[in-house]
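Below: one structure, written as structure tokens.
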Amino acid sequence: MADYRQMWTDLEMDIDKHDLLCEALPEAFGGVYLTQENRPQSMDFFDFVVSEIHGVRPAELIEHQKTGGKVFGTFCVYVPDEVIFAAGGIATGLCGGSQFWVSGGEKVLPPNTCPLIKASVGARLDKTCPFFRIADMYVGETTCDGKKKAWEILASEVPVHVIDIPQMKREKDIKAFQGEIMDFIKVVEDFTGNKVTPEALGQSIKLINNKRRALQRLYSTRKASPVPISGKDALLVTQIAFYDDPARCAEMTNNLSEELEERISRNEGVFPENALRILVTGTPLAIPNWKLHHIIETAGAAVVVEELCTGTRYFENLVDENAATIEEQVKALAERYMKTNCACFTPNPGRIDDIIRLANEYKVDGIIDTNLQFCNLYSTESYLVKQAMTAKNIPVLHIETDYSEQDYEQLRTRVEAFLEILRK
Ligand code: BJ8
């Protein structure tokens, strides 16, 4: 990585501690990613982004702030980025995916809190992530109890706005969510000093839709057999999409898809045609959480689709681009976001339907349902997932894990045993 020490010092980061992270990441990335064979050439860009993860994009965000722009940090796929971009702001994902930050979160959170929340709080409190330092405002949501309380802790550090996400999807809930988006527009307008006009919102709806279209195109290529890209690489693209510039992300993802489509036309893949095809579902895999994909793929199976927030939940469904007034656009936004199926909703049959549909579309041999430790929502819903998959004769393995490497060998054994059963 180029030298960004002055930038990190200006951000009042804990440089010594941050150095430890900078030392560990290249090795972790090299071991998981650069050991793969026959990677698409277009992955070079995404490798570069990771190699400069705490440098290039943070520097761009700071440039934006120098011209008076605001940066909003988000933690959930229900936050409508469109509103932020329409007000001339930039949205950047902040979910922590590294064990490195967990101990910082544990200083203030109960031990039985999910690692995603611990890592996110730890990244802020330990001053070891530039994105957490740069964001002028954090946008939280009421999805799960752990997050709801974490916002109160983070609010002593940085301005936090919390969007009330409904827990059901009745008509009145979708209406209530429209009201929340209207309130969010007002908050963002006041914070940025810029009006959200129908023209600006229309443009940002197209901007974010284009990113979604690009990711949809990428995922479509994974339906091919042999699969032209590893699950690890596809996961990396989705993880980066949370914080990269949306237009550049769409362009780079489209370039990658073009290369993959050419591969498909030559019947070229990264796994043999008879490799097992796996769908991963469950809690999000925030960057740099690559543990499960690495275990599955080094055991010879291909992850071909993720029913995750770092997967299809992030980009399936587009916002209607024909709405002309703010009210119509907000309605279109609410309708699109309420199509996303997180376990925080009750009931949540849409997620089960999605898993079955994706399993068929991507012709999977089995499903791995992964749950971050202490996430009650997904862990409880796993019972219903198992029940529904059993009824459809789709084999499923449920695992519970965290960000540490402690359970690595145990997980590997369980995944290998599952793959063995699928091969019989
Ligand atoms: S839409 S999955 S990003 S809430 S894993 S913090 S739910 S205890 S991350 Fe999520 Fe939005 Fe839902 Fe997606 Fe809580 Fe569970 Fe932790 Fe979670």
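Below, each value reflects all heavy atoms present in this structure, side chains not excepted, and no hydrogens, waters or symmetry copies. When a ligand or atom number is given, it counts from 1 through the structure's own listing order.
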Quiz prompt | Check: Pro111 main-chain N/O paired with Lys118 side-chain donor or acceptor under 3.5 Å | solution = yes
Self-check item: Six-ring centre of Phe345, Lys169 cation under 6.0 angstrom, axis tolerance 45°
Solution: yes
Exercise. Check whether any protein heavy atom sits under 4.0 Å from atom 17 (Fe) of ligand 1.
Key: no
Quiz item: Which protein N, O or S atoms lie under 2.8 Å from atom 12 (Fe) of ligand 1?
Solution: Cys342 SG
Exercise. Not counting sequence neighbours, list each pair that qualifies as a ring pair (Phe, Tyr, Trp, His ring centres under 6.0 Å) and has a residue in residues 88-127.
Key: none
Self-check item: Protein residue, atom and distance nearest to atom 15 (Fe) of ligand 1, heavy-atom basis
Solution: Cys375 SG, 2.3 Å
Below 3.5 Å, can you tabulate the donor-acceptor pairs from side chains in residues 19-31 to any protein atom, sequence neighbours excluded?
{"residue": "Asp19", "atom": "OD1", "partner": "Arg5", "partner atom": "NH1", "Å": "3.1"}
{"residue": "Asp19", "atom": "OD2", "partner": "Arg5", "partner atom": "NH1", "Å": "3.4"}
{"residue": "Asp19", "atom": "OD2", "partner": "Arg5", "partner atom": "NH2", "Å": "3.0"}

Exercise. Output the distance between atom CG (Asp353) and atom CG (Asn341), rounded to the nearest 0.5 Å.
Key: 8.0 Å
Quiz prompt | Close aromatic pair by centroid cut-off 6.0 Å: His18 and Trp8 | solution = yes
Practice problem: Considering only non-hydrogen protein atoms, determine which one is nearest to atom 2 (S) of ligand 1 and report residue, atom name and distance to 0.1 Å. | Solution: Tyr378 OH, 3.3 Å
Quiz item: Considering only heavy atoms of Cys114, which atoms of ligand 1 have at least one such atom less than 4.0 Å away?
Solution: 5 (S), 6 (S), 8 (S), 16 (Fe)
Side chains of residues 366-373: which donor-acceptor partners sit under 3.5 Å, not counting sequence neighbours?
{"residue": "Asp369", "atom": "OD2", "partner": "His398", "partner atom": "ND1", "Å": "3.2"}
{"residue": "Asn371", "atom": "OD1", "partner": "Ser379", "partner atom": "N", "Å": "3.1"}
{"residue": "Asn371", "atom": "ND2", "partner": "Glu400", "partner atom": "OE1", "Å": "2.9"}

Quiz item: Side-chain contact, heavy-atom cut-off 4.5 Å: Pro198 with Thr325?
Solution: no
Quiz item: Of all the atoms in ligand 1, which lie at a distance below 4.0 Å from a heavy atom belonging to Ile117?
Solution: 6 (S)
Quiz item: At what distance is the nearest protein heavy atom to atom 10 (Fe) of ligand 1, and which residue and atom is it?
Solution: Lys147 NZ, 3.8 Å
Quiz item: If you measure only the distance, is there a donor-acceptor pair under 3.5 Å linking the side chains of Glu82 and Ser204?
Solution: no
